[in-house]
Amino acid sequence: MATTNLHADQLKAQAAQAALKYVQEGQIVGVGTGSTVNFFIDALATMKNDIAGAVSSSEASTVRLKSHGIEVLELNHVSELPVYIDGADEIDPHLRMVKGGGGALTREKIIAAVAHKFVCIADSSKQVGRLGHFPIPVEVIPMARSYVARQIVQLGGDPVWRQGFTTDNGNLILDVHNFDILEPQQLEQQLNNIVGVVTNGLFAQRGADIALIASPDGIIHLGE
Ligand code: 5RP
């Protein structure tokens, strides 16, 4: 197991390193969340004097960025964001993703909406033919938890409350198992339509523009 993790970490680090070429000199960089992004933040530190700063999708990434001396800017003060770099829990051949394993999905989705280019970095274990084996995280306003769970059951999913976890926005997460996802964009919209849902971890309406997938045979470059 230790060897497998080491190998996965090496692949994550390679994908993260490959993403540096999408960082534009003098510009602000959008930064996601997770173990793959942690490698990216460490790599970004090597060119911190060439960028105007970062916007961050989580408190955890903010702490890591600042620990490297990278300035973290408020998204509300940023009108142009050329690129957003983030990981994924699953990515399909159309560059649609499941995200939010780390619970940062809402801020990730907001920054992805602002960014001109979404670059997904992942190791090849994240590639799937069809989304949905990984449970779909749904961020929920606390008082709506039971209502939202009942509505999700109506949609065919099995919601499980991620107990003991609070998002950076003070909300809860339901991880939804067993969705049969034929139309990811449609399901993303249906979940968003439930009152009390803040957002969900299907990134289909706004997927990635580029994916850098690190495999044992090298980096696979998908998209533009
Ligand atoms: C966090 C995310 C992450 O991008 C996703 O969970 C992948 O994480 P990791 O790089 O650790 O596998 O969406 O909310």
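The figures that follow rest on heavy atoms only: side chains count, while hydrogens, waters and symmetry mates do not. In listed order, ligands and their atoms are each counted from 1.
Residue contact check: Gly34 has heavy atoms under 4.0 Å from atoms 11 (O) of ligand 1. Listed by atom number, the atoms of ligand 1 under 4.0 Å from Ala104 heavy atoms are 14 (O). Every atom of ligand 1 is numbered from 1 in the order shown, and the set under 4.0 Å from a heavy atom of Gly102 is 1 (C), 6 (O), 14 (O). Close contacts of ligand 1 with Asp86, meaning ligand atoms under 4.0 Å from a residue heavy atom, involve 4 (O). Those atoms of ligand 1 that come under 4.0 Å of a heavy atom in Lys99, given as number and element, are 2 (C), 3 (C), 4 (O), 13 (O). Heavy-atom contacts of Gly103 reach the following atoms of ligand 1: 14 (O) (cutoff under 4.0 Å).
For the atom pair Ser35 OG and Lys12 NZ, the distance stands at 3.0 Å (nearest 0.5 Å).
The pair Asp209-Lys117 does not count as a salt bridge, with every side-chain nitrogen at least 4.0 angstrom from each carboxylate oxygen. Note on Lys109 versus Glu188: salt bridge recorded, some NZ/NE/NH1/NH2 to OD/OE distance being below 4.0 Å. With salt bridges taken as basic N to acidic carboxylate O contacts below 4.0 Å, one links Arg107 and Glu59.
Of all protein heavy atoms, the one closest to atom 10 (O) of ligand 1 is Thr36 OG1, 2.6 Å. Closest to atom 13 (O) of ligand 1 among all protein heavy atoms lies Gly100 N, 2.7 Å. Of all protein heavy atoms, the one lying nearest to atom 6 (O) of ligand 1 is Asp89 OD1, 2.7 Å. Regarding atom 3 (C) of ligand 1, its nearest protein heavy-atom neighbour is Thr33 O, 3.2 Å. Shortest contact from atom 12 (O) of ligand 1 to any protein heavy atom: Lys126 NZ, 2.6 Å. Given atom 2 (C) of ligand 1, the protein heavy atom at minimum distance is Glu108 OE2, 3.3 Å.
With respect to Phe179, the side-chain contact (heavy atoms from CB on, under 4.5 Å) criterion is satisfied by exactly one of Leu155, Asp158, Val98, Leu131: Leu155.
No donor-acceptor contact under 3.5 angstrom links the side chains of Ser215 and Ser124, judged on distance only. Between the side chains of Asp123 and Ser125, at least one donor-acceptor pair of N or O atoms lies under 3.5 Å.
The aromatic rings of Phe118 and Tyr84 sit perpendicular to each other, their planes meeting at more than 60°, with 30° as the lower class boundary.
Note on ligand 1: Ala88 sits in its first shell, one or more heavy atoms being nearer than 4.0 Å.
Considering only non-hydrogen atoms, atom 9 (P) of ligand 1 lies nearest to Ser35 out of Ala122, Gly87, Ser35.
Leu174 approaches Ile152 most closely through the heavy-atom pair CD1-CD1, 4.2 Å.
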